Amino acid sequence: MAYDILDIFETFNLVLILVAFAIFTRLAFKGKSLGNFRFQLSIFLLIWVLSEIPHIAGSLGLISTAAYSDIGLYLHAASMGVFAFFVGWRSIKIATLHPNSPTGALAVPKEPARGIKG
């Protein structure tokens with residue numbers, strides 16, 4: 001029985017997407033806090049991976065996507081919204097950091113030097 005080359009590649013894509021889902025889920029759990037960069041990026045990528053699964057499963061005939069024809073589009077839009085929030089939040093945090101003190105100048109001591117007590 002000959003398989004269509006597109007079916008082979010779609011199956012390969014589905015396997016790789018499921019592997020990516022497992023990897024990003026693990027990274028999200030290792031992030032441990034909502035403010036952690038690893039956690040935020042992993043959540044964004046998880047939503048993005050989830051948006052691809054209905055398309056591939058529908059093209060392989062694993063699920064009927066007639067009733068859910070736009071679910072991948074909605075999940076993709078959600079992932080882009082999360083990504084925009086993520087980048088915006090990180091950009092605001094970088095812009096509001098306090099500047100470092102100037103370097104290259106020697107500090108002036110506030111107290112006079114103490115001599116060796118003998």
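Heads up: numbering here begins at 1 and tracks the sequence. Computed from a predicted structure; not experimentally measured.
From E10, atom CD reaches atom CD1 of I5 across 11.5 Å, with rounding to the nearest 0.5 Å.
Under the side chain to side chain contact (heavy atoms under 4.5 Å, CB included) criterion, L62 pairs with L14, A57, L60, not counting sequence neighbours.
Screening T11, V15, N13 for a side chain to side chain contact (heavy atoms under 4.5 Å, CB included) with I56, the sole residue that qualifies is N13.
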Could you list the donor-acceptor pairs under 3.5 angstrom formed between side-chain atoms of residues 17-31 and any protein atom two or more places apart in sequence or on another chain?
residue	atom	partner	partner atom	Å
T25	OG1	F21	O	2.7

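Grouping Ile, Leu, Val, Met, Phe, Trp and Tyr residues whose side-chain heavy atoms lie under 4.5 Å apart, directly or via other members, places F12 in a hydrophobic cluster with L16.
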